[in-house]
Amino acid sequence: MTEHMNLNQQLVLDTETDEKQFLTFMMDEEEYGIDILAVQEIRGWEPVTVIPNSPPFVKGAMNLRGTIVPIIDLRQRFGITHIGYGPLTVVIVVSVTLKEQDKLMGIVVDAVSDVYSISEEKAKDVPDFQDSDNAQFVHGLVNVGEKMVVLLNLKKVLDLHDKSCAKSNGG
Amino acid sequence: MSIDLSQFFDVFFEESFEGLDAMESELLNLEPGKEDQETINTIFRAAHSIKGGSGTFGFTAVSDFTHVLETLLDQIRNGQRQLVAEHVNLLLKAIDCLRAMLTALQAQEEPEQQEANELKQRFEAILNGENSTGVPEQAISEPEEQAALPITFQIDFKPLPYLFKTGNEPLYMIAELSELGELETQALHDEVPKLKQLNAEDCYLYWRFFLTTTRGESAIREIFEWVEDDAEITIVQCGGLFEEPDDHSESPNIPLSVPAEAELPVQAPEPSKMVQDNKEETVPVKDARKNTDPSTTSIRVGIDKVDSLINMVGELVITQAMLSQIGEQEITESSIAALQEGLAQLAHNTRDLQENVMRIRMLPISFVFSRFPRLVRDISQKLNKQVELKLIGEQTELDKTVMEKLSDPMVHLVRNSLDHGLETPEERIAQGKDPVGTVTLNAFHQGGNIVIEIMDDGKGLDTEKIRSKAIQNGLIQEQDELTVDEINELIFMPGFSTADNVSEISGRGVGMDVVRKNIQALNGSVEVSSEAGVGSTFTIRLPLTLAILDGQLVQVADHTYIIPLISIVESLQIDIAKVSNVGKGLQVLRLRDEYIPILRLYDIFNHKGAREELDKTLLVVVENDNYKVGILVDDLLAQQQVVIKSLEANYQRVDGISGATILGDGTVSLIIDISGLIKLSGLRRPGSSELLVDLKADEGIPA
């Protein structure tokens, strides 16, 4: 299982390929990137089963060929206004390791954008925005041509137990 | 070349435990004096393979210990010794001890040695013929070597060249020898050929040892027992450490002209150094073992089950080929008919395959039953009761996970039957019963459930005393009129077990609430029926597998939930006239002589848009832990078998939800966890200190 946490270690071992592929997607006209190796598949939106008493950004559970997969609205996770889901809404199913357990989870985003090869070194350029709740989700910022891409720390985004995220849930 | 032996540990442990189980059950079948040769052989073989295996893997404590067992069994097998009851008892204890040692080794811990050493000494005492029968245990357990004076032995060990090919390693034997006492080793190499003629796979070295030990010659012989036929071994006592032995010319192969004395100091340290090296070598092996996950459990499946699966997959492939062929054709009326036929066949294949895959997890219940002969034997000896254990339906199959959790409650029930149910032989004779009591374990299938009965022909439950105790504990009121069955049910109440000395009066009740709770955790139920003077029967009902449950689909607003059918008592429309309000927001329904708290599912789960009017909704009355609540739902949908999927695997635990399933249309539906739901609703259990709603003692509730 590959995550951002392991990225640096991998790069130390494998100096020839210091570039990593990231899948990017759009959310509120911003471009976000996640490690492509964590991506299992990309699906269209389909109605999910509501999980009672879960935080609002947990939309519910979906059947992925026999596996129960929770779906998380990334807009709501980031505190961005929720928009309605339509035929173009995309669910990216990712695999993350939380507390030593591999978990499959789906994230709802506006649209999938592109795949970039990004050098880790460039991505280290993270501004210090301690005051923002969302800062913890950000692994780094990187420029691709004219655009800026926010590389996400999926582990943080999807760890629903993390107490530091509690206030961004909004109850 | 080095092989990482740790990869075989799991198999070794599994086989050893099986061997121990086999030894135990065979021993219990043995009747001293009437032993069957084949039975003894089976026990011997099991001991032998455990010894061999543990030796191979370097678990010397186990192999040493098993060795004495084996020697005794061997003598019995050869008719050199008569099997007596004491042997059986000792062997059974040894099996327990071995099991403990192996369990410790499996958990990568140092096994407890003390008991093993004591037992070993008793075996050695028997083997040395000091007593073959009936000598008091104390005399046996007295270690013989304490009295013995150290004696020096000269041991000439000349393995035949092919020794290595038999898988034996002299180094280990030297190491073992060195543990017996002070060891002086001379390696003799005069038979080592010139390099060109040397065959690397042959053993050319031979050894002369001088061992000063308090242990007898037999201890030395034991070490070489495995290579007896593959080597020339001479063991001679000699007075002093380096005295020339009284050679009875029994070792013609050992040249008396031992290589020049000067060589000795050069040669001698080497083996001992090697021994040390060897000890160091065992460390990485242990470490390697840590990497293997001890929690991985395996299952042994009969080859017939696998064969039938392969057959079915074969058929499935044929059906698939047929369907894809139809798919390539143009759609005509005839091809649609063929398609329908193909799909029907596919459905049939799938169902068969599902059933058979489920069956892989099924094991005969004899896996649980098999531990009872030993248990009954031990307890009946302790209690001085005569008990015959009957096992019926041992081949009835049950899911492995259910089986593992079933064992403890069953042990509890059987122990209770023996302890409190059955009378002593004197009492039984006085009542005109057979002095030998009977405990019967019976397993059979009934519907989609497995039923296990634990029957005894003892005195039965003393209803009067249970009743008076229950009144004393406040579980029932003096004026309550209960049927015999209702009184017997009281032994499962939690309050009952905590009551002091109830077990001595009524005979039953200790921990019965725990038994019931454990069985309910498996979606099962337990009941008791009893007749004074005739006996009692406990009946456990369990679903065949944990992975599938019978569910009632219910609708709340737009959401579909599943309530386990086994929890449901009844479903009804609410008669508003019978609903009362209790305090803040709690409503109860008077149903016959009970008050059922109403749980509003939409409220607990925060769902909007559900029907809230009581007269337009339905109440599903469920029972959990002897406690009934009503769950308010919009509608009842179908009943169906559902496959339980974990919600926790990818998400987290959700209060009030035990898992999820996938319905026929592919959507996810959540399964309600009744006890979790009650907790979530804030309702407290009756009988607990935080009593809020009580079923029987209902003074607090306005009618």
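Below, each value reflects all heavy atoms present in this structure, side chains not excepted, and no hydrogens, waters or symmetry copies. In the text below, chain A, chain B and the rest are named by the order of the sequence lines, each starting its count at 1.
- Annotation: maximal heavy-atom pairing with chain B below 4.5 Å, among A:Val69, A:Val58, A:Leu98, occurs at A:Val58.
- Residue B:Ser646 touches chain A through its backbone alone, counting heavy-atom pairs closer than 4.5 Å.
- Of all non-hydrogen atoms in A:Arg77 and A:Asp159, the two that sit nearest each other are NH2-O, 3.5 Å.
- Residues A:Phe78 and A:Tyr32 bring their aromatic ring centres within 6.0 Å.
- For A:Val48, no part sits under 4.5 Å from any heavy atom of chain B, backbone or side chain.
- Residue contact with chain A, scored on non-hydrogen atoms closer than 4.5 Å, involves the backbone of B:Ile604 exclusively.
- Proximity to chain A (any heavy atom under 4.5 Å) is restricted, for B:Val654, to the side chain, taken from C-beta onward.
- Note that the CG atom of A:Asn53 and the CG atom of B:Asn606 stand 5.0 Å from one another [nearest 0.5 Å].
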Exercise. Kindly indicate, with the supporting measurements, whether the criterion side-chain hydrogen bond (donor to acceptor under 3.5 Å, both in side chains) is fulfilled by B:Tyr602 and B:Asp634.
Key: CA-CA 9 Å; B:Tyr602 61 87; B:Asp634 288 9; over 6 Å; no
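- Other residues, nucleotides and ligands contribute more than 12 heavy atoms inside 6.0 Å of the NZ atom of B:Lys305.
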